[in-house]
Every structure is written in C-alpha cells, then in structure tokens.
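Step one of this worksheet: look at the structure below.
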2 protein chains.
Amino acid sequence: MARTVFEREDVVPLLAEVFRALGYEGASLSALTARTGLSKGSLYNFFPGGKAEMAAAVLAHVDGWFEREIFTPLAQDEPRAAIAHMWAASDAYFRSGRRVCLVGAFALEETRDRFALAIQGYFRRWIETLASALTRAGSDPGQAAALAEYAVGGIQGALVLARALNDETAFGRTLARLEQEMAASLPPARTP
Amino acid sequence: MARTVFEREDVVPLLAEVFRALGYEGASLSALTARTGLSKGSLYNFFPGGKAEMAAAVLAHVDGWFEREIFTPLAQDEPRAAIAHMWAASDAYFRSGRRVCLVGAFALEETRDRFALAIQGYFRRWIETLASALTRAGSDPGQAAALAEYAVGGIQGALVLARALNDETAFGRTLARLEQEMAASLPPARTP
DNA sequence: GTCTATAGAGTGATAGAC
DNA sequence: GTCTATCACTCTATAGAC
C-alpha cells in the first residue's frame, strides 16, 4: 500500500490554513481530513487530544512564527529597523488582507475561553515588544504602550474590514496610515 | 396552561444575542432554543428558512439599529454633533467592548460569503455616512473617506483586542484615541 | 516478531430540517 | 417529536521499518 509519511511539524501548517479559513467551530474533522489529505487515523495519531490539540498546536505554531520573525526583533534589534520590518512582515504574512489572523478569529469565537491564555499571550507579547521598540527609539514609555496597543488593534481591524468589504486594498491603506502615524510620533532619528 | 405569545420582531433581539455570543457556526439550534426559551417549532414557524433565515433577520435588525441611530444622523444632522454621537453610541452599543460586533464576527467566519451583501452594506454605509459628515464638517473629501475607513476599521480592531486581552478598558482607550485623531483632522468649528 | 503510521469503517451523540 | 446527515472520535486492519 502506498503511503506518504508525514511528520507532525509538516501537518501543523496544513491544519493552520483550515482553521484560519473556517474558524475553530467551522473546521470539522471531515474538512480537516479533506483539505489536508490526511486520514483521521493520521491526525489522531499525531494529535491524540483531537481537534482541541490540533488547534492548540496551530496556535503555538503561529505564535512561534511571530515570536521569531517579529517579536524578538522588536525586543532586541535596532528599534526603527525592527518596526519597519514589522509592518512589512505583517503585510506579507496576512497576504495584504487576503489572509485572516487566526488568533484574532479565535478571539471572537465562543471557544476563545478554551484558548484564552494563548490568545492573550500572543497579543500581549506583540504590544509589549512593540512598546519596547518605540521606547528604545525615543518615545515616552507611557505613550509607547498606548500607541503599541492602538496599532496592534488597528491591524486586526484592518483584517476584519478587508474581509468584510471583500477589498484587500483596504488593508494596505490602514497599515500605511498606522505606520505613518507611528513614524510621526517618534523623535527624529539620530544619525551616528 | 399559560403561554407566552411572541411575535417575530420580539424574537429577533433574543436570537441576536445568541449569534453574537456564539457566531453563526457556534449558534446551534439547541443553543438558540435554550437561550431564547423558544421551541424549535416556534423558531421554524417564524423562520421557515431555518438558521440561515434567523441569521439574516438578525443582521437586518442590527443594520436597522445602526441606520437609525448612527448612519442617518451622520448623513443628515449637524456633522460634528452626529460624529460625537457616533462615538458615544458605539461605546454604549458595544458595551465598552464587552459585546462583540455581530457583523464583524460574521465577516471572519466561513459563512461570510452567504451574508456577503449584508456585511458589505453595513460597513460601506458606515464609512460612507461618516465620510459625508467629515466632509460637511470641512474635511477634504478624499481625506474624509480615508479617515472614515480607518476609524471604522479601528473600532472593529478595538473589539477584537478587548476580547482577546479580556480587557474591556482597551476598547475605550482606542475609541478615545480615534475620536481625538478625528477631531484634530477637522478645521476649527465655525461659531455661528 | 515489535513498533509506528496509515486508512477508513464504525461508534454514539447531536446537528439542522421539517 | 422525528427524520437523516454529520459531528468528534474510536478502533481494527494493515503497511513498512526495524
């Protein structure tokens, strides 16, 4: 019998796209098997905890990507470069609004409570590392925290709007405006 | 035996709270009967089209509320007063972030496509009437349209964030910032 | 033989339609 | 309440690596 052998880490990104497209409730096991091409046996082999474990793994995978690509740079790198990279990487990750934020979508669902810690951690970390970069770039810490929260919320809103209007260009317009507002709030960069 | 007689318009607000709390997928018929206190028979009597017709009625009801309370004033009343009223009414309607936007939640679900016209109409109308008020208040029309889109998206993002962080105060902070940014963009009010 | 990964029929529970 | 379809999930059978 022909078999394609997967590893757990190969499966998670496939599951992620299904959960992203359908939400937690909407991602039925039959949708998960159909869209990943994996049988229920395979899925339950990798995720004995069933659908909830699959979703938890997907959330952890998304969080890991953001931690690596966005949060750690914001926390450690040269702040203005890290912030510029955040805008570019967010636009790329969300495919200019064609892709939804899985964490934000879970936050609006009833199942939010089940994944509350992961959801909260993701947004808290984004806001906290962005505020850190803003502060290092010369912002007042209180204003940096407020602006970071505002910007992270703004990205989520842009995703809702782009999907609601079925108009991807709305996402880019909001991102550009947020980026410009953030740049204007910072003191002029020191030229070394 | 005592009977409570409902009319269709009495039922819609009850259904609305269930769909708002659980989303379209999450709102099972048993949840709808349990939380409204109505039997499946009653619901199918009022809504022969089943769950989809219930959700459509709820969307129309929400849209009607916003049209009456927010969109028409934005389109017709003294613009600065109408905008100030929009901020206050939005904060009250969304219960300072404790309540989710049903239309925004539907937009993120797979079922978006089924209700695409209603979802698009709601957001389009909000943006269009807000832009009209801003223009009448002295804004450049192009800037007014961009700012209106930005603000309506910002409200949606604030709702996602408040729910994700489980922190209602985040909603008020974002709303206040958006309101202030909007006020700052307008020319000084003429004193008649 | 053991072990892990796979496929998919079969389970009871519950969904939405009527 | 009754219907069928589908839900999340379990389990058996089997494939190949060792």
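Every chain is numbered from 1 and lettered A, B, ... according to where its sequence line falls, protein lines coming before strand lines. For the numbers below, each heavy atom of this structure counts, side chains included, while hydrogens, waters and symmetry mates do not.
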Round to the nearest Å and state the distance from [X] atom [atom1] to [N] atom [atom2].
X: A:Asp10; N: C:dT6; atom1: CG; atom2: C1'; answer: 15 Å
X: A:Phe46; N: D:dC9; atom1: CZ; atom2: C1'; answer: 18 Å
X: A:Asn45; N: C:dC3; atom1: CG; atom2: C1'; answer: 11 Å
X: A:Leu15; N: D:dA8; atom1: CG; atom2: C1'; answer: 15 Å

Test ring pair (Phe, Tyr, Trp, His ring centres under 6.0 Å) applied to A:Phe115 and A:Tyr24, A:Tyr122, A:Phe19, the passing residue: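 It is A:Tyr24, the one option of A:Tyr24, A:Tyr122, A:Phe19 that forms the ring pair (Phe, Tyr, Trp, His ring centres under 6.0 Å) with A:Phe115.
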Heavy-atom pair of closest approach, residues A:Ala133 and A:Leu74: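 The answer is CB-O, 3.5 Å.
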Show the nearest heavy-atom pair for residues A:Phe171 and A:Ser96, with the distance to one decimal. CD2-C, 3.3 Å
Quick tally for nucleotides 9-18 of chain C: nucleotides whose base has a protein heavy atom under 4.0 Å get B, sugar-phosphate-only ones S, the rest -, giving BB----SBBB
Just by modelled atom types, is the B:Arg125 backbone N or O under 3.5 Å from a matching donor or acceptor in the B:Thr129 side chain?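 Pair found, side chain donor or acceptor close to backbone of B:Arg125.
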Identify whether NZ of Lys or CZ of Arg in B:Arg8 sits under 6.0 Å from the centre of the six-membered ring of B:Phe46 and within 45° of that ring's axis.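 So B:Arg8 doesn't make the cation-pi contact.
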Hey, which of B:Arg173, B:Arg98, B:Arg163, B:Arg99 is the one that makes salt bridge (Lys or Arg N to Asp or Glu O under 4.0 Å) with B:Glu168? B:Arg98
